[in-house]
Asks: 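Before anything else, here's the structure in question.
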Amino acid sequence: MNTQQISERADAIRQRIERAAARTGRAGSEVGILPITKGHAPGVVSAVAEAGFEAVGENRVAEADRKRTALGDVDVRWHMVGHLQRNKAGSALRVFDRIDSVDSVRLGRRLQLEAERADVSLVPVLVQVNAAAEEQKSGLDPAQVVEVVGRLAELSRIQVRGLMTMAPYTGDEAVLRQAFSTTRECLARCQKELRGLVGRELSMGMSNDFEIAVEEGSTQVRLGTVLLGERPEVRWI
Ligand SMILES: *Cc1c(COP(=O)(O)O)cnc(C)c1O
């Protein structure tokens, strides 16, 4: 996928976002696209950056680290969207500009500690919600979100920019909508009870469900396949 192909796909996707946003009286410009480059070769990250995107998402520390090294100084920010183990918090801070998948106070504390060690003054994060309480998925139970976000917000170097969720893998629109609206309501509760301590980002929606996510209030859709094509069978690493 080259820069021009990515730009063309991005235009079509933006139109779909516009229409979905308009259905609930929002502007499409309120919704950003985070291209998810996991599994793709480093050249895809350069093409994405040339197509005008400012950030990409990756779900493994080692893979993103090797891409950054391979690319040198490509002008793009890196978001961690996969599960982060505490023992990789230090390397994650070196590689990523934002951690979109914080799912515990313990991970937050570890990031705080590593930030102190590395003299990183601020770590922007999103807190991941397991909105449909799926056993195999990481993320917080919706009932825990306000408490955990409150405790994370006490950490001086952690800045909670909002929430992230992955909806269940299903074509059932009602189930998807429920997962997104639950997450939106969690953010609303955080904002009410933790005034000023949490941002407004709602990272919701992937290739198969992003229009529903936008209708339910998403401010950032995370798009792999629909933007960049199928991931290669042999993952780049
Ligand atoms: C892979 C991935 C995506 C993108 O998936 P597509 O279905 O290819 O759009 C989004 N979010 C996360 C957390 C992912 O791991």
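When reading the values below, keep in mind they use all heavy atoms of this one structure, side chains included, and skip hydrogens, waters and symmetry mates. When a ligand or atom number is given, it counts from 1 through the structure's own listing order. Only a predicted model underlies this, so the values are computations on that prediction, with no experimental measurement involved.
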Asks: Between Gly224 and ligand 1, does any nitrogen or oxygen pair lie at a separation below 3.5 Å?
Replies: yes
Asks: Looking only at protein heavy atoms, identify the closest one to atom 13 (C) of ligand 1 and say how far it is in Å.
Replies: Val81 O, 3.4 Å
Asks: Do Glu114 side-chain atoms and Ala89 backbone N/O form a donor-acceptor pair below 3.5 Å?
Replies: no
Asks: Which pair of non-hydrogen atoms, one from Val129 and one from Thr165, has the smallest distance, and what is that distance?
Replies: O-OG1, 2.7 Å
Asks: Is the number of heavy atoms from other residues, nucleotides or ligands within 6.0 Å of CG (Asp11) greater than 12?
Replies: yes
Asks: Can you list the ligand 1 atoms lying under 4.0 Å from a non-hydrogen atom of Arg222?
Replies: 4 (C), 9 (O), 10 (C), 11 (N), 12 (C), 13 (C)
Asks: Pull out every atom of ligand 1 sitting under 4.0 Å from any heavy atom of Thr225, numbered as shown with elements.
Replies: 6 (P), 7 (O), 8 (O), 9 (O)
Asks: Among protein heavy atoms, which sits nearest to atom 5 (O) of ligand 1, and what does the distance come to when rounded to 0.1 Å?
Replies: Met206 CE, 3.5 Å
Asks: So, Glu193 and Arg189, do they make that salt bridge, N to O below 4.0 Å?
Replies: no
Asks: Using a strict 4.0 Å cut-off to heavy atoms of Lys38, name the atoms of ligand 1 that fall inside it.
Replies: 1 (C), 2 (C), 3 (C), 14 (C), 15 (O)
Asks: Do Phe53 and Val76 touch side chain to side chain, with heavy atoms closer than 4.5 Å?
Replies: no
Asks: Looking at ligand 1, does any of its N/O atoms fall within less than 3.5 Å of an N/O of Asn208?
Replies: no
Asks: Is any side-chain heavy atom of Gln128 less than 4.5 Å from a side-chain heavy atom of Ser138?
Replies: yes
Asks: What is the nearest protein non-hydrogen atom to atom 6 (P) of ligand 1, stated with its residue, atom name and distance?
Replies: Ser207 OG, 3.5 Å
